[in-house]
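Working notes, structure below.
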Amino acid sequence: MAQKPSIPKGTRDFSPVETAKRNYIFDTVKSVFRKFGYQPIETPAMENLSTLLGKYGEEGDKLLFRILNSGDFLKKVTDEDCKKRDINKIALAISEKGLRYDLTVPFARFVVQHRNDISFPFKRYQIQPVWRADRPQKGRYREFYQCDVDVVGSDSLLNEVELIRIIDDVFRKLNVNVVIKLNNRKILSGIAQLIGEEERLTDITVAIDKLDKIGIENVYAELREKGLSEEAINNIEPFINLKGNNSEKLSCLKDLLGVTPDGNKGIEELETVLKYLKNLDLKAEVEIDQSLARGLNYYTGAIIEVKAQDVSIGSICGGGRYDNLTGIFGLPGVSGVGVSFGADRIYDVMTELNLFPKEVATSSKVLLVNFGENEAVHSLKVLNELQKNGISAELYPDNAKMKKQMKYADQKKIPFVILIGEKEMEEKKYTLKNMETGEQSRLSIEEILNFL
RNA sequence: GUGGUUGUAGCUCAGUUGGUUAGAGCACUGGAUUGUGGUUCCAGGGGUCGUGGGUUCGAGUCCCAUCUACCACCCCA
């Protein structure tokens, strides 16, 4: 033990208490997914790099964890490559697998590969860790869990509506107040069309996306920097300054964008989704946010992002519609829409707002104190009886001092202790102690079972 | 990947212009209490001062590098 052991940057251990809380989130999310008819799948932690590369943009490629080939991983590398320090070429030669970066791309691969076994529309959920070689920060880890729900093989906007209902249900159950922000990629491309800068769509959306973070002036500055003309920027202005409630925003957008085919379609889609939502009793606020873009460039329709109220931690859930994700794997014409819950961030939000129910951290309900070998034999029978009746119970394994055993129960927050010594064995009446109130009474096993 | 802040006991932190053997609280272990925890009292264990170099007669303290956590950018859950 010369050196303290450690874990890689941006990864974490979870204690029993933390794990219990995390499972509370996973269980809640899962129960909602199931309720809406989604089925679980799992995919491998690693994928072929050919599956992963190029799907998340240039930035995403950099953030992929790559797995070194086994054996002589240098066999495809020439001395010349090394001399030239051709990093990209060498990287491809020594590594052909990578850790998954999200769950959507592996899912697309899954759909294409198993297309003959799947009946569409296919509704699946997937809860697994993903890895990104990002620089860690608060709420930002290199290993974290995503809880994805997607439906592929259906163009209906009812799917978007369903996802919003799922989001509302999950956060209602978790007691987190959220705002669901909505936009449509087609509106963004409509804007680009309108100002005649269609090929700059990405630059424009990336800049607009930062609106609430860096302010209007800085957005303009960034657009200028990207080479947009003053005229174009002036034309964007009305969109950036869009204010009011959802219907006001919609009618403004209609006036401004109605002439562009994409813009028109996007507005129509948004309108339809909102119309469906109108009659539903959602707890979460649903808000059109024309500046919402989201980086992943495979989105083509609805864009959804969820932010927690009262905590600033970035988005805790996000997603959208992607019309042709499976196309890159050779299966065109399959549209999908899905969202991803960031379990780790939800955990941080709930911790900060103290939203975990007390009873989440569960251990045994009863501890049987160990008084020695003979007593332990008798205690085992009682223990078995308790467990047979569904009561989680444990017998202290060593004949340790009473103080130590009581302290153990106290620290593990075990609410009841049963003492079985000589007297108790004779009478078959055991001392049951309530650790919270300190009360204790002599009870038969039947009485104990009834009481607990 | 770029720039900044940080690190002393398991945890939270003191530690003087560089100067003997690095401290406190909490936690832990034992005792007061041989069948009673959470309160109290007493005692005890625990540190290569993140790591590696350097300056100095002398470094927890100053300099450099590196790692970690955090912050901003980039990007994102």
Side-chain angles (χ1 to χ4, degrees), chain A residues 1-12 15 25 29 56-64 87 100-104 127-148 202 205-207 209-210 213-214 218 222 292-297 304-308 312-319 338-349 367-372 375 396 399-425 430-440 442:
Chain A
M1 280 281 285
Q3 217 159 354
K4 279 185 189 167
S6 64
I7 56 176
K9 189 203 288 231
T11 64
R12 295 152 301 157
S15 69
I25 294 175
V29 167
Y56 311 103
E58 210 178 308
E59 199 66 33
D61 286 355
K62 280 191 214 155
L63 299 180
L64 283 172
I87 301 291
R100 70 164 104 76
Y101 178 90
D102 72 357
L103 300 178
T104 306
I127 299 178
Q128 290 190 279
V130 303
W131 294 269
R132 295 183 189 178
D134 208 352
R135 184 173 286 208
Q137 272 179 46
K138 194 177 192 67
R140 203 170 215 204
Y141 310 97
R142 285 184 151 184
E143 178 185 62
F144 61 97
Y145 271 75
Q146 289 190 331
C147 313
D148 269 33
T202 308
T205 54
V206 166
D209 192 40
K210 295 176 191 161
K213 213 170 175 183
I214 63 176
N218 290 320
E222 181 159 336
L292 180 63
R294 294 185 59 77
L296 296 173
N297 41 25
I304 302 167
E305 186 163 291
V306 180
K307 291 204 153 183
S312 64
I313 195 171
S315 71
I316 52 177
C317 175
V339 293
S340 177
F341 291 79
D344 299 87
R345 283 195 181 171
I346 294 171
Y347 179 95
D348 289 347
V349 168
L367 174 79
L368 307 200
V369 173
N370 186 330
F371 281 112
E375 290 87 343
Y396 197 88
N399 177 15
K401 281 189 184 137
M402 183 70 133
K403 177 173 171 157
K404 184 164 174 148
Q405 300 192 39
M406 295 300 280
K407 199 165 181 179
Y408 172 83
D410 189 47
Q411 289 185 330
K412 265 186 89 177
K413 301 214 159 45
I414 297 174
F416 294 98
V417 167
I418 292 177
L419 307 175
I420 303 176
E422 265 177 51
K423 282 172 282 177
E424 283 89 347
M425 288 198 293
Y430 313 115
T431 303
L432 178 74
K433 172 164 177 147
N434 180 325
M435 290 298 278
E436 209 176 317
T437 62
E439 287 171 274
Q440 52 188 64
R442 286 290 203 77

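Below, all heavy atoms of this structure are taken into account, side chains as well, without hydrogens, waters or symmetry copies. It should be emphasised that the depicted structure is a prediction, and the values quoted were computed from it without experimental measurement. In the text below, chain A, chain B and the rest are named by the order of the sequence lines, each starting its count at 1.
- Here B:C73 presents its P atom at 17 Å from NZ of A:K62, a figure rounded to the nearest Å.
- Taking atom CZ of A:R135 as the reference point, atom P of B:A72 lies 13 Å away to the nearest angstrom.
- Residue A:K433 holds its NZ atom at 4.0 Å from CE of A:M406, rounded to the nearest 0.5 Å.
- With rounding to the nearest 0.5 Å, the separation of CD1 in A:I316 from CZ in A:F341 is 8.5 Å.
- Using P as the reference atom, B:U5 and B:U66 are 14 Å apart when rounded to the nearest Å.
- Not a single salt bridge (charged side-chain N to carboxylate O under 4.0 Å, His left out) links A:E375 to another residue, sequence neighbours left out.
- Within 4.0 Å of A:G372, counting heavy atoms only, lies no atom of the nucleic acid at all.
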Yes or no on side-chain contact (heavy atoms from CB on, under 4.5 Å) for A:M435 and A:I414, after CA distance, side-chain angles and deciding distance?
CA-CA 8 Å; A:M435 290 298 278; A:I414 297 174; 6.0 Å; no
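- For the pair A:K138 NZ and B:C71 C1', the interatomic distance rounds to 11 Å; values are reported in whole Å.
- Using atom C1' as the reference point in both B:U6 and B:U68, the two lie 9 Å apart (nearest Å).
- Classification of the A:Y408-A:Y396 ring pair by plane angle, with boundaries at 30° and 60°, yields perpendicular.
- Distance check on atom C1': B:A77 versus B:A59 gives 44 Å, rounded to whole Å.
- The nearest whole Å value for the distance from the OH atom in A:Y145 to the P atom in B:A77 is 18 Å.
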Once each nucleotide of nucleotides 30-39 of chain B is scored for protein heavy atoms under 4.0 Å, what B/S/- sequence comes out, 5' to 3'?
SSB--BBBB-
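- Residue A:R12 contributes atom CZ, which lies 11 Å from atom P of B:A69 at whole-angstrom precision.
- Stems are defined here as 3 or more consecutive Watson-Crick or G-U wobble pairs with pairing distances under 3.5 Å; those involving RNA chain B are B:1-5 with B:69-73, B:10-13 with B:23-26, B:28-32 with B:40-44, B:50-54 with B:62-66.
- Along RNA chain B, the nucleotide closest to A:A133 and the one closest to A:Y141 are compared, and the more 5′ of them pairs with A:A133.
- A:D134 has its CG atom 14 Å from the P atom of B:U2, to the nearest Å.
- Atom C1' of B:A72 sits at a distance of 34 Å from the matching atom of B:G18, rounded to the whole Å.
- With rounding to whole Å, A:Q137 atom CD is found 15 Å from B:U2 atom P.
- Residue A:L63 holds its CG atom at 11.0 Å from OH of A:Y56, rounded to the nearest 0.5 Å.
- Across the P atoms, B:A24 and B:G46 are found 14 Å apart, a figure rounded to whole Å.
- A distance of 10.0 Å separates OH in A:Y430 from CG in A:L368, rounded to the nearest 0.5 Å.
- The distance from atom CZ of A:R142 to atom C1' of B:A69 is 13 Å, rounded to the nearest whole Å.
- Looking at A:K138, A:R12, A:R142 one by one, the single match for salt bridge (charged side-chain N to carboxylate O under 4.0 Å, His left out) with A:D344 turns out to be A:R12.
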Passes side-chain contact (heavy atoms from CB on, under 4.5 Å), A:L419 versus A:M402? Steps please.
CA-CA 10 Å; A:L419 307 175; A:M402 183 70 133; 3.8 Å; yes
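- In this structure, the side chains of A:D102 and A:R132 come closer than 4.5 Å at one or more pairs of heavy atoms.
- Residue A:G60 is out of contact with every strand shown, counting any heavy-atom pair closer than 4.0 Å.
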